[in-house]
Amino acid sequence: MAATAGEIAAAAATNGAGTLRVGWVGGRPSWLALVDGTPELDGARLVDGAGGANVLHVAGSELRRLRALRAAHPKTPIVLDLSGDGEVGLGRLDANRARLAQRVLVGSEADLNDLRRRQPALGARAEVLPQPIDLDAHVPLRRLHETRDAEVKRFRRLHRVAGALVLFGGPYTREGGFHLALDAVYKLRERMPELRVAAVPHGRIDPRYRDDCERRSLALGHHGTVEWSPSPSDLPLWYGIATVVCTPASGRVSPAPARLAAAAERPFVGSRVEGLADAVVDGETGFLVPPGDEDTLTAALESLLADNDEATRLGAAARRKAEEELSPAVAAARLCRIWRGAADGDGRATTIGRH
């Protein structure tokens, strides 16, 4: 059962007026350290574990503990965090466990729609918490030069990257569409012989598909690079030096490449599919093209490679959108609102029973 407003108020009084004690169960995301103890947490005090908490925030990795947590803390509201990158594909048993939570967090509108289709009861108590980006680390190239200039120069020399670069970001699978990005680059190189292509993975990897694409990239010599597992410190460099970021997927994919492109102030070209359609404002922060339409994809890439002013305009708008929606401070404020809503009885959990 959900705690009553009176019980929450009494518990809050024992921890200081207006302070919400949030018990964090599972590993804390790295971005939270950027705002821990700041005003954005709005009077919430984070503690590890469930003891004495007004609200429990349970990481998705701890979903199997939910029944035990509910039994041990029957009156404490639970917020279940499934906002990590990837699809929300709950089986029946996990869905039954998840119903013990007052609120369920997912990472994108696509995930929310998926949950509503598969588990309508859970979808009704779910809301979107986009994975925030460290916007001090993922920055436009000019700011990378201010803070990591020597590293940027070494990175460029190592990968022999100079001039225009199309960066593919997405799963190394046929559905991810890396082969389409390669096809487009090969066509464009007939008019832009110095054009380069590089790829960084986000999501699932099909080794055979990756190897096939890598062989095609190697045919370009130093004009083609396929990263197998770039370090986290290298990702901002790849996005920062890109001219255009591209994900021509044929089906639903993670919005992460579009979001990282926005953080780097780079325009994005991708397919109009779930995951990208709600991360990109077509014509304002990038271009969305029909899935599998290689000619339209090539034309969209060429329009940005040939028009620096347009690429700059789209990239700047994307960065502004990222600052408004994807900063850790924005995520922290949203989390506080969700925690307080759960504590005030906004949504009820299913009681423990046989399912």
Side-chain angles (χ1 to χ4, degrees), residues 1-4 8 22-29 32 48-50 53-132 171 173 175 202-204 249 251-256 273-279 331 334-355:
M1 294 176 58
T4 67
I8 290 296
V22 179
W24 201 285
V25 181
R28 296 192 195 182
L32 198 61
D48 290 323
N54 308 128
V55 175
L56 297 184
H57 185 109
V58 180
S61 60
E62 303 298 316
L63 176 58
R64 293 189 176 185
R65 291 181 58 194
L66 216 57
R67 191 177 294 276
L69 287 167
R70 171 54 68 221
H73 307 278
K75 295 183 178 181
T76 306
I78 293 175
V79 174
L80 175 63
D81 191 347
L82 302 176
S83 65
D85 191 21
E87 297 185 14
V88 182
L90 298 178
R92 186 176 67 177
L93 184 57
D94 281 342
N96 285 337
R97 293 185 180 114
R99 292 191 186 99
L100 299 171
Q102 272 70 23
R103 304 302 293 170
V104 178
L105 308 182
V106 295
S108 69
E109 290 293 333
D111 286 336
L112 180 60
N113 292 336
D114 182 53
L115 188 63
R116 285 172 173 169
R117 284 193 298 265
R118 299 186 188 199
Q119 303 288 342
L122 284 179
R125 68 182 69 173
E127 56 184 291
V128 176
L129 180 73
Q131 285 296 290
T173 65
E175 294 76 16
H202 287 281
R204 193 167 68 86
R252 176 183 171 187
V253 291
S254 166
V273 296
E274 281 194 307
L276 300 180
D278 52 89
R334 186 178 287 121
L335 261 182
C336 280
R337 176 180 58 78
I338 292 167
W339 290 332
R340 291 193 180 281
D344 291 340
D346 177 15
R348 293 179 62 83
T350 301
T351 55
I352 298 174
R354 298 178 64 87
H355 296 286

Measuring from atom [atom1] of [X] to atom [atom2] of [Y], what distance do you get when rounded to the nearest 0.5 angstrom?
{"X": "Leu335", "Y": "Leu129", "atom1": "CG", "atom2": "CG", "value": "5.0 Å"}
{"X": "Ile78", "Y": "Arg70", "atom1": "CD1", "atom2": "CZ", "value": "3.5 Å"}
{"X": "Leu112", "Y": "Ser83", "atom1": "CG", "atom2": "OG", "value": "12.5 Å"}
{"X": "Arg118", "Y": "Asn113", "atom1": "CZ", "atom2": "CG", "value": "12.0 Å"}
{"X": "Asp94", "Y": "Arg99", "atom1": "CG", "atom2": "CZ", "value": "11.0 Å"}

Test: Arg337 and Glu127 ion pair at under 4.0 Å: yes
Residue pair [X] / [Y]: nearest heavy atoms and the distance that separates them:
{"X": "Gly26", "Y": "Ala59", "value": "CA-CB, 4.2 Å"}
{"X": "Ala53", "Y": "Thr76", "value": "O-CG2, 3.7 Å"}
{"X": "Pro255", "Y": "Ala279", "value": "CB-CB, 3.8 Å"}
{"X": "Ser108", "Y": "Asp278", "value": "CB-OD1, 4.2 Å"}
{"X": "Pro132", "Y": "Ala331", "value": "CG-CB, 3.8 Å"}

Between [X] and [Y], is any pair of side-chain heavy atoms under 4.5 Å apart?
{"X": "Leu80", "Y": "Leu63", "answer": "yes"}
{"X": "Val79", "Y": "Val58", "answer": "no"}
{"X": "Asp114", "Y": "Arg252", "answer": "yes"}
{"X": "Leu122", "Y": "Leu90", "answer": "yes"}
{"X": "Gln102", "Y": "Arg125", "answer": "no"}
{"X": "Leu82", "Y": "Leu105", "answer": "no"}
{"X": "Glu109", "Y": "Glu274", "answer": "no"}

Are the side chain of Arg103 and the backbone of Gly341 linked by a donor-acceptor contact shorter than 3.5 Å? no
Between Arg204 and Pro171 (side chain of the first, backbone of the second, donor and acceptor by atom type, cut-off under 3.5 Å), is there such a pair? no
Take Asn54 and Val22, measure what side chain to side chain contact (heavy atoms under 4.5 Å, CB included) needs, and give me the verdict at the end. CA-CA 6 Å; Asn54 308 128; Val22 179; over 6 Å; no
Sequence neighbours excluded, which residues qualify as side chain to side chain contact (heavy atoms under 4.5 Å, CB included) partners of Pro130? Val128, Arg259, Leu326, Arg334
Does the plane of the ring in His57 sit parallel, tilted or perpendicular to the ring in Trp24? Use 30° and 60° as the thresholds. parallel
Report, as yes or no, whether the 6.0 Å neighbourhood of atom CZ on Arg92 holds more than 12 heavy atoms from other residues, nucleotides or ligands. no
